[in-house]
Asker: 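Sending over a structure as structure tokens; questions will come in a sec.
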Amino acid sequence: MRKPPNVGKWSKHQHLVKSEFLRDYLPATRQFTPETLWEYVEDYQKVMLKPSGGGGGAGIIQLTDRGENRYLVHAGSAKRIVEGRTKTVEYVKSLFRPKPYLLQPLIPLGKIDGRPFDVRVMVQRTGKNSPWIVTGWVAKLAGPGFVVTNVARSRGKVLPLKTAIRLSNISASEDLEEEISEVALAAANELGKAYPTLRAIGLDMGIDIEGKPWIIEANFRPSLSLFRQLKDQTFYRKIIAMQKH
Ligand SMILES: Nc1ncnc2c1ncn2[C@@H]1O[C@H](COP(=O)(O)OP(=O)(O)O)[C@@H](O)[C@H]1O
Ligand SMILES: [Mg+2]
């Protein structure tokens, strides 16, 4: 099989943000420096720090302004309150993977029983000039105490998308699913132009509590195991069939 290009989150973001349509669905993303971090904390109060070249939820840190110069740092299932900006930067840097880091505002993801979830949308094409098709989607529910929904890392679980939305605190509109697929296809088109050899993209899309979809990241080597874990194997079979094409 064709080897997917190895590209960091920052480069992918640069391609996606070129599209005016997609800009609305992308969390504001910057490269980490101590200065940009404090700008983000002032603007958003809750900030996600993530390695540009990461995967599987590794090295992802949530930072929350607690007031009075205190900051809550949440990484994995561990939480710590740090006092003062200098110590906070030192502490988050000590948690960093040896990679460039990005900043995003924390998207207030929809939750089920207090646990955030997001959606893995599989988009595929059979050739450079063939249309992109949404071949499956599944909700990933974070394990208890985690801010990342990566199923393996957080000991989370998968759920059919409809079930997740129904069980969640999201006020979903009738056409939410249609909007998700429209955004996923637009993202695939943009990335497909930039990377002609690309055949499959696994988009991580969040849905905030107001029912608005967000593009969290685009995976160029999407794992099939999320779809294999669903009781209904329709998506899994469709994905495999597209791959064989
Ligand atoms: N800006 C954000 N707001 C809320 N949750 C986020 C944000 N960025 C990442 N996450 C959570 O962390 C998980 C992992 O982040 P992601 O960008 O997909 O990196 P990875 O490559 O490690 O999977 C996401 O699936 C989501 O649950
Ligand atoms: Mg991811």
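In what follows, residues are counted from 1 in the order of the sequence shown. Ligands are counted one by one from 1 in listed order, and the atoms in each one are counted from 1 as well.
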Asker: Okay, side chain of Gln233, backbone of Arg228: is any donor-acceptor separation there less than 3.5 Å?
Answerer: yes
Asker: Specify the protein heavy atom at minimum distance from atom 13 (C) of ligand 1: its residue, its atom name, and the distance to 0.1 Å.
Answerer: Asn150 OD1, 3.4 Å
Asker: Tell me the protein heavy atom at minimum distance from atom 20 (P) of ligand 1, and give that distance in Å.
Answerer: Glu217 OE2, 3.3 Å
Asker: Which residue owns the protein heavy atom closest to atom 21 (O) of ligand 1, what's the atom, and how far is it?
Answerer: Lys9 NZ, 2.6 Å
Asker: Is the backbone of Pro4 close enough, under 3.5 Å, to the side chain of Arg221 for a donor and an acceptor to pair up by distance?
Answerer: yes
Asker: Under 4.0 Å, counting heavy atoms only: does Gly57 come that close to any atom of ligand 1?
Answerer: yes
Asker: Is there a donor-acceptor contact under 3.5 Å from the side chain of His245 to the main chain of Gly127?
Answerer: no
Asker: Answer yes or no: is there a donor N or O on one side and an acceptor on the other, between the side chain of Arg125 and the main chain of Ile133, under 3.5 Å?
Answerer: no
Asker: Check Asp204 against ligand 1 and report side chain, backbone, both or neither, counting heavy atoms closer than 4.0 Å.
Answerer: side chain
Asker: Could you see which bit of Asn219 sits under 4.0 Å from ligand 1, with heavy atoms only: side chain, backbone, both or neither?
Answerer: neither
Asker: Do Ser171 side-chain atoms and Gly211 backbone N/O form a donor-acceptor pair below 3.5 Å?
Answerer: no
Asker: Are any of the N/O atoms on Leu109, whether in the backbone or the side chain, positioned under 3.5 angstrom from an N/O atom of ligand 1?
Answerer: no
Asker: State the count of protein N/O/S atoms located less than 2.8 Å away from the Mg ion (ligand 2).
Answerer: 2
Asker: Check Glu39 with Arg30, please: is the shortest side-chain N to carboxylate O separation under 4.0 Å?
Answerer: yes
Asker: Mark up the atoms of ligand 1 that fall under 4.0 Å of a heavy atom belonging to Gly56, in ascending order.
Answerer: 20 (P), 21 (O), 22 (O), 23 (O)
Asker: Within the 4.5 Å heavy-atom criterion, are Tyr25 and Glu179 side-chain neighbours or not?
Answerer: yes
Asker: Does Pro105 approach ligand 1 within less than 4.0 angstrom via side chain, backbone, both or neither, non-hydrogen atoms only?
Answerer: backbone
Asker: Look only at the side chain of Ser52 and the backbone of Trp10, and say whether a donor-acceptor pair between them is shorter than 3.5 Å.
Answerer: yes
Asker: Have a look at ligand 1 and work out which part of Thr149, if any, has a heavy atom under 4.0 Å from it: side chain, backbone, both or neither.
Answerer: both
Asker: Looking at Glu42 and Arg85, is there a salt bridge between them, counting it only when a charged N and a carboxylate O are closer than 4.0 Å?
Answerer: yes
Asker: Would you check if Val82 and Val92 make a side-chain contact, meaning some heavy-atom pair closer than 4.5 Å?
Answerer: no
Asker: Does ligand 1 have any atom that is closer than 4.0 Å to a heavy atom of Lys140?
Answerer: yes
Asker: Below 30° counts as parallel, above 60° as perpendicular, anything between as tilted: where do the rings of Tyr40 and Tyr44 land?
Answerer: perpendicular
Asker: Using a 3.5 Å distance criterion without hydrogens, assess whether the side chain of Lys12 forms a donor-acceptor pair with backbone atoms of Ala218.
Answerer: yes
Asker: Taking the six-membered ring of Tyr91 as reference, does the cationic atom of Arg80 (NZ for Lys, CZ for Arg) lie under 6.0 Å from its centre and within 45° of its axis?
Answerer: yes
Asker: If you have a sec, work out which protein heavy atom is nearest atom 15 (O) of ligand 1 and how many Å separate them, to one decimal?
Answerer: Ile60 CD1, 3.2 Å
Asker: Is there a nitrogen or oxygen of Pro27 sitting under 3.5 Å from a nitrogen or oxygen of ligand 1?
Answerer: no
Asker: Taking only non-hydrogen atoms of Gln62, do any sit less than 4.0 angstrom from ligand 1?
Answerer: no
Asker: Any donor-acceptor pair under 3.5 Å linking the side chain of Thr135 with the backbone of Phe235?
Answerer: no
Asker: Nearest protein heavy-atom contact for atom 8 (N) of ligand 1: which residue, which atom, what distance?
Answerer: Lys50 NZ, 2.9 Å
Asker: What protein heavy atom sits nearest atom 3 (N) of ligand 1, and how far away is it?
Answerer: Ile107 N, 2.8 Å
Asker: Tell me the protein heavy atom at minimum distance from atom 25 (O) of ligand 1, and give that distance in Å.
Answerer: Asp118 OD2, 2.5 Å
Asker: Look at atom 5 (N) of ligand 1 and say which protein heavy atom is nearest, naming residue and atom and giving the distance to 0.1 Å.
Answerer: Met48 CE, 3.6 Å
Asker: Tell me whether the rings of Tyr101 and Phe96 are parallel (<30°), tilted (30 to 60°) or perpendicular (>60°).
Answerer: parallel
